[in-house]
2 protein chains.
Amino acid sequence: MITLYGSMHSRANRCAWMLKELNVDFHHEPTNFLDGSTHNPEFLQLNPNGRVPALMDDDLKLFESLAINLYLAKKFGGPLSPADMGEDALMTQWTLWAVTEIEKPLLLAAANNVLFDESSRSQDEFAIALQKLSRPWGVLDKHLSQHSHIVGNRFSVADLNIASVMTLVPIAAIDLSPWPALDKWLKVSLERPAASDWKHVSFRIPRPATQLGMLSMFI
Amino acid sequence: MITLYGSMHSRANRCAWMLKELNVDFHHEPTNFLDGSTHNPEFLQLNPNGRVPALMDDDLKLFESLAINLYLAKKFGGPLSPADMGEDALMTQWTLWAVTEIEKPLLLAAANNVLFDESSRSQDEFAIALQKLSRPWGVLDKHLSQHSHIVGNRFSVADLNIASVMTLVPIAAIDLSPWPALDKWLKVSLERPAASDWKHVSFRIPRPATQLGMLSMFI
């Protein structure tokens, strides 16, 4: 029995997407940091970091949304799963790449386009975030202009993991038209029926009062 | 035939450590961003991101140092490798965790302890970096006070990947004594004979002129 912990407003929607793609039955616990339930002693036994998502599969306890998805792909097999050790390496590579190259600058861009109160947005911060993103997005756009998908010419956990990091693009109305192959791939990926939970995500971030606070929030 | 690209002053030393643990012969190309060789057309065919490390194993081209190490563990087997799908999931989970929880705040702490010129270090930035690190380091310290290693009670790719992210701790003389089990585990891990390349790492970072530049560097 699989239990997924985490409100669909959190990164748990990444793992719900994966479970739905795989047609796997799962129990959902909408554990939420807002009501303190991510810091209950019981939950901390499951994920000592006090974060969601977390997943329990019989005795196996996992955290880190994208690692959970790589595990689910391998456990349940099928087209989303790596077919061999080389594909496993590439799907893991692109997953780590999404975290190291995209996640943080995209959050900064989204904060300054939508998530911060309008009066506290900075065009300069938006611009430097986009400038950082232009390199990895250029790499991804070129890759997707030459391949239908990230790995193996089919929709796999690599597409799902990268696209799930990029749900902030439509949420924050960021224009991907300079990267047309990426733009098209992301739209098609996020319209998959199993992906729909991201559409319910709605949150605001209060801007930290100081530049030191900004640095602390985004590192 | 395996070729590892990247100067040992770069994150390529993470992969050299893994290859040496596995006793795998490899060719080393000390590709370096300083002389522009990471942006040669030939290198960009291998890693379109223009970053090191990259690895070629016959036809397979890989980037992202920690993904390369997970691949090498699985390809060559032995005690560093996951023994089953559950261990694979946990080793991947802890690898992603090191990137999402430790890498960036540790770089900020190291910058303000050693890597920036002495006159441009900020005690406040050092303090907020340590404050961010105290949560994941607390988690890791507790885990290591209850287990000899990260996964499976033996030194594995999970230990190697986390410890290789944490080479900045001794390089920047950061005091881990508040986390004694972590402190001991890291010292023992980094003294393994195969790990010695990190000791040659020596670099300085020029402090960006503005707070916007700081944000851009560390996101």
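Chain identifiers are assigned alphabetically (A, B, ...) following the order of the sequence lines, protein sequences preceding nucleic acid strands; residue numbering begins at 1 within each chain. Since the model is a prediction, treat every value here as computed from it, not as a measurement.
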**Student:** Give, as side chain, backbone, both or neither, the part of Lys61(B) having an atom under 4.5 angstrom from any heavy atom of chain A.
**Tutor:**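 For Lys61(B), the contact with chain A is made by the backbone alone.
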**Student:** Quick check on the interface: out of Asp124(B), Leu62(B), Ile68(B), who has the most heavy-atom pairs with chain A under 4.5 Å?
**Tutor:** Leu62(B)
**Student:** Who among Leu66(A), Leu215(A), Thr95(A), Leu60(A) has the most heavy-atom pairs with chain B under 4.5 Å?
**Tutor:**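 Highest number of heavy-atom pairs under 4.5 Å: Leu215(A).
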**Student:** Please name the pair of heavy atoms, one in Met85(B) and one in Lys75(A), separated by the smallest distance, quoted to 0.1 Å.
**Tutor:** SD-CA, 3.3 Å
**Student:** For Leu70(B), which atoms come within 4.5 Å of any heavy atom of chain A: side chain, backbone, both, or neither?
**Tutor:**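 Side chain of Leu70(B) only, per the 4.5 Å heavy-atom cut-off to chain A.
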**Student:** Side chain from CB out, backbone as N, CA, C, O: work out which of these in Met91(B) comes under 4.5 Å of a heavy atom of chain A, or both, or neither.
**Tutor:** neither
**Student:** Against chain A, label Lys132(B) side chain, backbone, both or neither, depending on which of its atoms sit under 4.5 Å from a heavy atom there.
**Tutor:** side chain
**Student:** Below 4.5 Å from any heavy atom of chain A, which atoms of Leu212(B) appear? Answer side chain, backbone, both or neither.
**Tutor:**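 It is both, since atoms from each part get that close.
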**Student:** Tyr71(A), Phe218(A), Trp97(A): which one forms the most heavy-atom pairs within less than 4.5 Å of chain B?
**Tutor:**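 Looking at each option in turn, the highest pair count goes to Trp97(A).
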**Student:** Distance-only, no hydrogens or angles: does the Gln93(A) side chain make a donor-acceptor pair with backbone N or O of Phe63(B) under 3.5 Å?
**Tutor:**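 Yes, Gln93(A) side chain to Phe63(B) backbone: donor-acceptor pair under 3.5 Å.
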**Student:** Between Gln131(B) and Ser216(A), is any side-chain donor less than 3.5 angstrom from a side-chain acceptor?
**Tutor:** no
**Student:** Using a cut-off of under 4.5 Å for heavy-atom pairs, which of Asn49(B), Val99(B), Thr92(B) has the most such pairs with chain A?
**Tutor:**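 Heavy-atom pairs under 4.5 Å are most numerous for Asn49(B).
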